[in-house]
Amino acid sequence: QFDMVLSILDNELPKIEEEGNQKALCDYLNLKIACLLNKGDVNSAEPLLEKFKAALTTIDNKELQVNHAYHTANLFHLSGDSERSIEYNLKALEILGDQHNHPFYVGICINLTSRYLEKQEFEKAHYYSKKIEPLMSSIKHESPLVYFHYMNTCAYYLFEQERYDEAYEVLSDVLMHPLLKENSTVYATTIINIGAYY
């Protein structure tokens, strides 16, 4: 439904610009960038991130600063720039501090785990994976997509460590989740990983 949300947002933009409310503009840009990145539309998101960054200088809002850093990290990931993605994920984590209950905290740590795995920096990958491990029991049913992504990332790490039986246990747990088949992409990733195990 991203196109529908984008349409609603664009209808609201003239009113926001007329009011000159920078906080409202940042909220608008934040939501639009999130939709575009979820669609994989890096080219449309990139100039909006610059506009978002400029608007943020006029207000003091840590929540929106975290959003900007997180979106920038994801944009660099989608563009194939792992180094810059890591840089902005770390920046987002720094702004968050000890807010482990923040909605982005788990996502940022999963992103860092994945990026460090890509770089074959296993100690760092393990470090960020372990930071969020205690949160997984509640996330398993509250945010199943996040849980699936985390578990598949853990399986990848275990494969790289040649701990195949442990990786299989992780993937088996994902396969038994009642909501897995509702997301075809995550289901396919899990099946591919099971295939890699065999």
Side-chain angles (χ1 to χ4, degrees), residues 1-3 5 33-42 45 67 69-90 92-93 96 100-198:
Q1 304 295 318
F2 295 124
D3 288 332
V5 175
I33 291 163
C35 287
L36 291 169
L37 290 177
N38 274 295
K39 287 182 65 179
D41 189 348
V42 172
N67 278 264
Y70 184 68
H71 292 327
T72 305
N74 287 332
L75 180 132
F76 281 122
H77 167 59
L78 291 170
S79 303
D81 190 339
S82 288
E83 291 291 344
R84 297 295 299 280
S85 180
I86 287 171
E87 176 189 338
Y88 277 92
N89 274 304
L90 289 172
L93 208 55
L96 276 180
H100 296 176
N101 61 341
H102 190 279
F104 281 176
Y105 180 77
V106 170
I108 292 165
C109 288
I110 290 174
N111 285 347
L112 285 166
T113 301
S114 298
R115 300 297 78 76
Y116 282 124
L117 282 173
E118 289 166 6
K119 289 164 60 66
Q120 304 282 293
E121 295 185 27
F122 299 119
E123 285 188 18
K124 290 179 180 178
H126 185 65
Y127 172 77
Y128 287 104
S129 174
K130 283 295 179 184
K131 279 174 81 74
I132 53 175
E133 188 178 42
L135 304 172
M136 285 304 115
S137 58
S138 61
I139 283 173
K140 184 173 183 176
H141 297 291
E142 291 173 11
S143 303
L145 282 178
V146 174
Y147 176 75
F148 299 148
H149 189 41
Y150 171 80
M151 296 296 272
N152 274 290
T153 303
C154 286
Y156 179 78
Y157 168 77
L158 292 166
F159 280 146
E160 292 293 332
Q161 300 295 305
E162 298 184 2
R163 293 157 60 184
Y164 302 115
D165 289 341
E166 291 174 69
Y168 180 75
E169 285 179 24
V170 167
L171 294 169
S172 296
D173 187 68
V174 176
L175 281 173
M176 290 191 307
H177 197 291
L179 300 178
L180 176 65
K181 291 183 181 179
E182 290 186 10
N183 187 290
S184 58
T185 304
V186 180
Y187 184 45
T189 301
T190 307
I191 296 299
I192 288 167
N193 284 340
I194 287 281
Y197 164 77
Y198 283 114

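Contact annotation: the side chain of His77 never approaches that of Asn111 to less than 4.5 Å [non-hydrogen atoms, C-beta and beyond]. Ile110 has its side chain out of reach of Tyr128: every pair of non-hydrogen atoms, C-beta onward, lies at least 4.5 Å apart. Residues Ile86 and Lys119 are in side-chain contact: their nearest non-hydrogen atoms beyond the backbone lie under 4.5 Å apart. Contact of the Val146 side chain with the His149 side chain is not registered, since no non-hydrogen atoms from C-beta on lie closer than 4.5 Å. Annotation: side chain of Tyr147 is not in contact with side chain of His141 (no heavy-atom distance under 4.5 Å). Looking only at side-chain heavy atoms (C-beta outward), Tyr150 and Ile132 come within less than 4.5 Å of each other.
Side-chain atoms of Thr190 come within 3.5 Å of backbone atoms of Val186 as a donor-acceptor pair (strictly under, hydrogens ignored). Ser85 places a side-chain N or O within 3.5 Å of a backbone atom of Ala73 that can act as its donor or acceptor partner. Panel note: side chain Thr113, backbone Ser129; a donor-acceptor pair is recorded below 3.5 Å. Using a distance-only test at 3.5 Å, with no hydrogens or angles considered, a donor-acceptor pair links the side chain of Ser79 to the main chain of Leu75. Formation of a donor-acceptor pair under 3.5 Å by the His126 side chain with backbone atoms of Tyr157 is not found in this model.
Salt-bridge annotation for Arg115 and Glu121: absent, with no side-chain N of the basic residue lying under 4.0 Å from a carboxylate O of the acidic one.
Remark: Lys131 NZ to Cys109 SG distance equals 6.0 Å, nearest 0.5 Å. Separation of atoms CG (Leu158) and CG (Asp165) is listed at 10.5 Å; rounding is to 0.5 Å. Atom CG of Leu36 is separated from atom CG of Asp3 by 9.5 Å, given to the nearest 0.5 angstrom. Remark: Leu112 CG to Thr153 OG1 distance equals 11.5 Å, nearest 0.5 Å. Distance NZ/Lys181 to CG/Leu175: 8.5 Å, rounded to 0.5 Å. A distance of 5.0 Å separates CD in Gln120 from CD in Glu160, rounded to the nearest 0.5 Å.
By the 30° and 60° cut-offs, the orientation of the rings of Tyr105 relative to His100 is parallel. Ring pair Phe104/Tyr70 is parallel by interplanar angle, where below 30° counts as parallel and above 60° as perpendicular.
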Checklist entry - Could you go step by step and tell me if Glu169 and Glu166 meet the side-chain contact (heavy atoms from CB on, under 4.5 Å) rule? => result CA-CA 5 Å; Glu169 285 179 24; Glu166 291 174 69; 5.5 Å; no
Checklist entry - Please walk me through it: do Tyr168 and Ile194 pass side-chain contact (heavy atoms from CB on, under 4.5 Å)? => result CA-CA 7 Å; Tyr168 180 75; Ile194 287 281; 4.0 Å; yes
Checklist entry - Going through the distances and angles, do Asn193 and Val170 end up as a side-chain contact (heavy atoms from CB on, under 4.5 Å)? => result CA-CA 10 Å; Asn193 284 340; Val170 167; over 6 Å; no
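When all heavy atoms of Ala45 and Leu37 are compared, the closest pair comes out as CB-CD2, 3.8 Å. Smallest separation of non-hydrogen atoms from Asp173 and Lys140: OD1-NZ, 3.4 Å.
Shown here is Tyr187, whose OH atom has no more than 12 heavy atoms of other residues, nucleotides or ligands within 6.0 Å. Within 6.0 Å of OH on Tyr127 lie no more than 12 heavy atoms contributed by other residues, nucleotides or ligands.
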